[in-house]
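Remember, it's 1-based here, ligands and their atoms both numbered in the order they're listed. Just so you know, residue 1 is the first one in the sequence shown, and it goes up from there.
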Amino acid sequence: MKKKIIVTGGAGFIGSHIADKLLSNNCRVTVVDNLSGGRMEFLEQNTSNPDFEFKNVDLLEPAKLETAIKGADAVFHLAANPDVRLGPENTKVHLEQNIIATYNLLEAMRKNNVRNIFFTSTSTVYGEASVIPTPEDYGPLVPISLYGASKLACEALITSYCHTFKMNSWIFRFANIVGARGTHGIIVDFIEKLRKNPQSLEILGDGRQNKSYIHVSECVDAIMYAWEHSNDMVNIFNIGSNDTITATRIGEIIVEEMGLHDVKFNYTGGTRGWVGDVPKMMLSIDKLRSIGWEFTYNSENSIRDAVRSTLGKLQ
Ligand code: NAD
């Protein structure tokens, strides 16, 4: 009997890759998404597959959500507002789209007796960690963005539901994920700016922000591997590359891949790109390694592949 899996946010960048992978692993997949950030075109390849269905449901509508997830074996919960930069101008968006949405999902799962949840968390739960690479047991967790705070709150809700209602969870704290279908983040931002003005590139901060990036294909494979190789009530794993890359170097790769020359880099100044930005981030991936997983991508080739996909050079 094929497993029935719900993917919230499955029309988004990472969620659509998760949906593809689950279908290729012989699961039935129902994507639940309100298309606020996702696109139906990311799911086009699956629409004629009898094991696939799409439900246009907002996680902030609990009754519809309860109906949408009936009969599922597990939920991959990716629906969220992922924009860290929004916090200072809109203090409610991450509370509603991330915390309340996750609470609604957990309630829908509890009422439907759906016991397994996979959650996409983030490096921002660590805040400005004093230990780099940062391991999963680092603490105290002191997020510096409202987005990071909301994801930490979601993690806390999930782990407490697991203990209270005998559920199981896999929580993945991502570094920056890049690749085909990326719709936001530094690559999209730089490419858009350079298309408008190929002579100069505005880089937020001093360009020395140094962070880890991993390709979406390996992120998805690592999630599937962790699912197969861990079975505690709460399983928390970092996902990222074993190195970092600066914002300036990303700019150089994009300039090269776009075939541009003599582009002037203009820095807005300061050590951070925006309020709530963590300038140095690299996660320890030893826990995943301890169960036998190895990443083959590093930050530079993850970025280069993602740039090529965004420019239409790769599928
Ligand atoms: P994305 O914006 O492409 O995907 C999010 C999806 O959720 C979209 O399809 C959107 O339509 C849907 N959605 C949002 N609010 C919803 C709601 N109320 N009801 C139903 N659907 C809703 O973002 P992404 O980059 O693919 O991120 C996926 C997940 O991974 C998010 O939870 C994000 O916080 C997390 N994450 C992403 C990164 C990254 O580098 N992209 C890093 C760390 C964590």
Checklist entry - Where on S123 is there a heavy atom closer than 4.0 Å to ligand 1, on the side chain, on the backbone, on both, or on neither? => result neither
Item to check | Parallel, tilted or perpendicular: ring planes of F13 versus H184, cut at 30 and 60 degrees | outcome: perpendicular
Checklist entry - For atom 13 (N) of ligand 1, which protein heavy atom lies nearest, and how many Å away is it? => result N34 OD1, 3.5 Å
Checklist outcome for this item: Residue, atom and distance of the protein heavy atom nearest atom 8 (C) of ligand 1 read G38 N, 3.4 Å
Checklist outcome for this item: The closest protein heavy-atom partner of atom 30 (O) of ligand 1 is T120 OG1, 3.3 Å
Item to check | Protein heavy atom at shortest distance from atom 28 (C) of ligand 1 | outcome: L78 O, 3.7 Å
Next on the checklist: If you measure every N or O of D58 against every N or O of ligand 1, does any of those distances drop under 3.5 Å?
Outcome noted: yes
Next on the checklist: For N231 and N168, which I'm curious about, is there any donor-acceptor pair between the side chains at under 3.5 Å?
Outcome noted: no
Item to check | Per-residue contact class, H77 against ligand 1 - non-hydrogen pairs under 4.0 Å | outcome: neither
Next on the checklist: Tell me the contacting part of T8 for ligand 1: side chain, backbone, both, or neither, using a 4.0 Å heavy-atom threshold, strictly below.
Outcome noted: neither
Checklist entry - What protein heavy atom is closest to atom 11 (O) of ligand 1, reported as residue, atom name and distance in Å? => result D33 OD1, 2.6 Å
Checklist entry - N/O of I14 under 3.5 Å from N/O of ligand 1, yes or no? => result yes
Checklist entry - Just one of K4, K2, R28 clears the side-chain hydrogen bond (donor to acceptor under 3.5 Å, both in side chains) bar with D51, so which one? => result K2
Next on the checklist: Which label fits Y161 and Y103: parallel for a plane angle under 30°, tilted from 30 to 60°, or perpendicular past 60°?
Outcome noted: perpendicular
Checklist outcome for this item: For atom 25 (O) of ligand 1, the closest protein heavy atom turns out to be H184 NE2, 2.9 Å
Checklist outcome for this item: Ranked by distance from atom 15 (N) of ligand 1, the top protein heavy atom is Q97 OE1, 3.3 Å
Item to check | Greater than 12 external heavy atoms within 6.0 Å of K3's NZ | outcome: no
Checklist entry - Does at least one non-hydrogen atom of R173 fall below 4.0 angstrom from an atom of ligand 1? => result no
Checklist entry - Between the side chains of N238 and Y126, is a donor N or O closer than 3.5 angstrom to an acceptor N or O? => result yes
Checklist entry - What atoms in ligand 1 come closer than 4.0 Å to a heavy atom of A11? => result 9 (O)
Checklist entry - Y213 pairs by side-chain contact (heavy atoms from CB on, under 4.5 Å) with which of N298, I177, I250? => result I250
Checklist outcome for this item: Out of P82, A101, S121, the nearest non-hydrogen contact to atom 44 (C) of ligand 1 is supplied by S121
Item to check | Atom pair CG (N301) and CD (E218), whose distance is rounded to the nearest 0.5 Å | outcome: 8.5 Å
Checklist entry - Are a donor atom and an acceptor atom from the side chains of R208 and N210 found within less than 3.5 Å of each other? => result no
Checklist entry - Contact between R39 and ligand 1, counting heavy atoms under 4.0 Å? => result no
Checklist entry - Side chains of S241 and S212: do they bring a donor and an acceptor to under 3.5 Å? => result yes
Next on the checklist: Checking a contact table here: which protein heavy atom is nearest atom 40 (O) of ligand 1, and how many Å away?
Outcome noted: I177 N, 2.8 Å
Item to check | Residue-ligand contact V57/ligand 1, heavy atom below 4.0 Å | outcome: yes
Next on the checklist: Taking 4.0 Å as the limit for heavy-atom contacts, which would you say applies to N81 with ligand 1: side chain only, backbone only, both, or neither?
Outcome noted: neither
Checklist entry - Taking the six-membered ring where the residue is Trp, are the ring centres of F172 and W170 under 6.0 Å apart? => result no
Checklist entry - For the atom pair OH (Y225) and OG (S230), what is the distance rounded to the nearest 0.5 Å? => result 10.0 Å
Next on the checklist: Could you tell me if the side chain of H77 sits less than 4.5 Å from the side chain of L106, heavy atoms only?
Outcome noted: no
Checklist entry - Judged by non-hydrogen atoms, does G10 sit under 4.0 Å from ligand 1? => result no
Checklist entry - Between K151 and T120, is any pair of side-chain heavy atoms under 4.5 Å apart? => result yes
Item to check | Min N/O separation G12 to ligand 1 under 3.5 Å | outcome: yes
Checklist entry - With a 4.0 Å cut-off on heavy atoms, is A175 touching ligand 1? => result yes
Checklist entry - Non-hydrogen atoms of S36 versus ligand 1: any pair closer than 4.0 Å? => result yes
Item to check | Side chains of E155 and S169 in contact at under 4.5 Å (non-hydrogen atoms) | outcome: no
Item to check | Sub-4.0 Å atoms of ligand 1 with respect to non-hydrogen atoms of G9 | outcome: 6 (C), 7 (O), 9 (O), 12 (C)
Checklist entry - Between F172, Y213, Y147, F13, which one has a non-hydrogen atom sitting closest to atom 36 (N) of ligand 1? => result Y147
Checklist entry - Looking only at heavy atoms, is any part of A80 under 4.0 Å from ligand 1, and if so is it the side chain, the backbone, or both, or is it neither? => result both
